[in-house]
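Proteins come first, then strands; the chains are lettered A, B, ... in the order of their sequence lines, and each starts at number 1. Not measured: the values here are computed from a predicted model.
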Number of protein chains: 2
Amino acid sequence: MLTTLGAVPDPAPRSPKAEQTRTAIAEAAMRLFRAEGYDRTTMRAIAREAGVSVGNAYYYFGSKEHLVQAFYDRMQVEHAAAAERVLAEERTFEARLRGVLLAWLDVARPHHAFAGQFFRNAADPASPLSPFSPESAPAREASVAVFEQVVAGSDLKVAAGLRRELPELLWLAQMGVVLFWVYDTSPDQQRSRVLVERVVPVVDRLARLSRLPVVRGVVDDVVGLVGALRAP
Amino acid sequence: MLTTLGAVPDPAPRSPKAEQTRTAIAEAAMRLFRAEGYDRTTMRAIAREAGVSVGNAYYYFGSKEHLVQAFYDRMQVEHAAAAERVLAEERTFEARLRGVLLAWLDVARPHHAFAGQFFRNAADPASPLSPFSPESAPAREASVAVFEQVVAGSDLKVAAGLRRELPELLWLAQMGVVLFWVYDTSPDQQRSRVLVERVVPVVDRLARLSRLPVVRGVVDDVVGLVGALRAP
DNA sequence: GCGAAGTTTTGAACACGTTCAAGACGGTCG
DNA sequence: CGACCGTCTTGAACGTGTTCAAAACTTCGC
């Protein structure tokens with residue numbers, strides 16, 4: 001989810017002066033979130049740090065939650081860049097998938113402490129920060145596109161029906177990794193790395209087995225399921 | 001998760017009078033949550049409805065979140081009872097699993113509207129309402145026990161390594177269903193029913209395939225993974 | 001320059017969850 | 001009965017996110 005939360009423009013600033021104020025507020029928020037955590041950072045403190053009034057912060061950002069999206073966007077961009085480096089290097093599906101998932105963990109590591117705090121908001125289906133919300137559709141699609149690259153540039157051959165759904169399924173798997181990571185209290189979230197290291201071979205084997213006649217039935221079930229659940 | 005959140009005793013009331021006050025507060029909260037939703041129900045309103053002061057509500061319940069646990073407990077008990085009825089009827093693994101999962105949807109249906117609102121809290125790893133928190137360990141174990149029954153009383157034969165982990169894996173699958181349900185906006189959450197109807201056969205087939213030599217490798221991987229992730 | 005129509009900025013005010021010092025109650029022992 | 005002690009209850013007060021009417025500033029046609 002954290003990968004996928006999109007930019008909501010809020011009132012697009014008209015003058016360059018306004019743009020300056022806007023980024024001043026966003027950056028003050030960043031600094032304080034990083035230093036103090038989400039909950040312990042107050043809107044008043046953000047305004048003070050940015051040298052504006054609290055009302056002004058609300059002029060640019062609809063809520064405290066909205067200030068988090070800048071954070072998300074930065075992470076998303078960083079991850080996309082890191083993923084690109086991985087995909088230029090690796091050719092096997094297994095290595096590409098592992099690399100992309102581990103890259104996310106690398107990008108996210110410095111932010112683990114407060115991630116849980118605003119993850120709470122992302123988990124609210126009604127929140128614009130939810131990975132399934134319309135607001136985050138662009139970022140979500142960008143993220144699915146990365147996994148499309150993971151598959152497209154690889155040596156993997158899978159059943160045709162599965163092939164179409166695979167990028168989205170991998171994105172879902174990544175959401176699973178994120179969920180696990182949020183709950184991961186091991187030092188430096190090493191456990192999440194273990195999770196990736198061990199889940200990736202399983203996914204690889206499952207995908208390759210998908211062309212086996214015995215397994216075919218299950219695969220069709222899964223694909224049908226995903227299809228049935230997508231459309232309204 | 002909603003199944004699994006356990007009772008935190010708070011200060012156990014000493015006198016019957018106190019017990020009366022405590023339940024008055026809990027029931028007032030129930031009524032208002034049901035009528036107005038979680039967010040729009042204020043602690044002041046709960047206290048007024050219960051005929052006590054706001055400070056008194058905090059004497060019995062550490063926070064607004066804690067008031068939700070009574071809700072969870074009620075659902076957990078209802079679900080356990082419903083599950084028992086199903087398990088008395090059905091013998092095949094598939095039917096037992098389906099019945100238990102659908103029973104949860106039945107129990108939960110009236111509460112869908114506000115479930116999302118407090119699910120936000122449950123998703124916070126630091127919250128006592130999180131399904132992985134120590135506070136909810138008892139309820140979680142009770143819920144895993146239900147799935148142990150699902151397997152134990154059935155016709156299912158699976159690989160030995162998997163057999164041990166299966167109840168917990170099924171519990172995790174149920175958490176997945178809950179997650180889906182929370183996000184489900186279809187009328188009466190019919191989509192969640194479809195999910196269950198279609199996922200259960202897949203799980204059944206996968207479990208039975210687990211003894212096949214080709215699939216065996218994947219199964220061992222999964223089991224090893226779960227084991228590796230459990231201990232600190 | 002001048003006034004009008006935006007745009008940006010302000011800070012007091014609101015409602016909420018939560019805390020806490022103080023008091024009321026209820027049983028028990030001398 | 002009376003003084004005491006732990007349980008229970010109160011409501012004012014605090015700090016928070018958020019709102020809003022008003023003020024300041026900017027831009028532009030005239």
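Counting to the nearest Å, the P atom of C:dT8 and the CD atom of A:Glu19 are 10 Å from each other. If you measure from atom CD1 of A:Ile25 to atom C1' of C:dT8, you get 11 Å, rounded to the nearest angstrom. One can place CZ of A:Arg48 at 18 Å from C1' of C:dT9, the figure rounded to the nearest angstrom. If you take CD of A:Gln20 and C1' of C:dT8, they are 13 Å apart, rounded to a whole angstrom.
Atoms CD1 and CG, from A:Ile25 and A:Asn56 in turn, are 5.0 Å apart once rounded to the nearest 0.5 Å.
Checked against C:dT10, D:dT9, C:dT9, the side chain of A:Val52 finds its nearest nucleotide in C:dT10.
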Show the numbers, then the answer: is there a salt bridge (charged side-chain N to carboxylate O under 4.0 Å, His left out) between B:Asp184 and B:Arg193? CA-CA 10 Å; B:Asp184 186 352; B:Arg193 300 190 86 81; over 6 Å; no
Summary of protein contacts for nucleotides 13-27 of chain C, nucleotide by nucleotide, where a base hit scores B, a sugar-phosphate-only hit scores S (4.0 Å, heavy atoms): B--BBBB--------
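Although no hydrogens or angles enter the test, the distance criterion places a donor-acceptor pair under 3.5 Å between the side chain of B:His112 and the main chain of B:Trp181. With hydrogens and angles disregarded, a donor-acceptor distance shorter than 3.5 Å links the side chain of A:Arg96 to the backbone of A:Leu87. Counting only distance, with no hydrogens or angles, the side chain of B:Arg98 and the backbone of B:Val196 share no donor-acceptor pair below 3.5 Å.
Between A:Tyr59 and the phosphate of C:dT9, there is no side-chain N or O to OP1/OP2 separation shorter than 4.0 Å. Proximity of B:Thr21 to the phosphate of D:dT9: a side-chain N or O atom is located under 4.0 Å from OP1 or OP2.
Cation-pi check for A:Lys64 over A:Tyr38 is met; the charged atom lies under 6.0 angstrom from the ring centroid and within 45 degrees of its normal.
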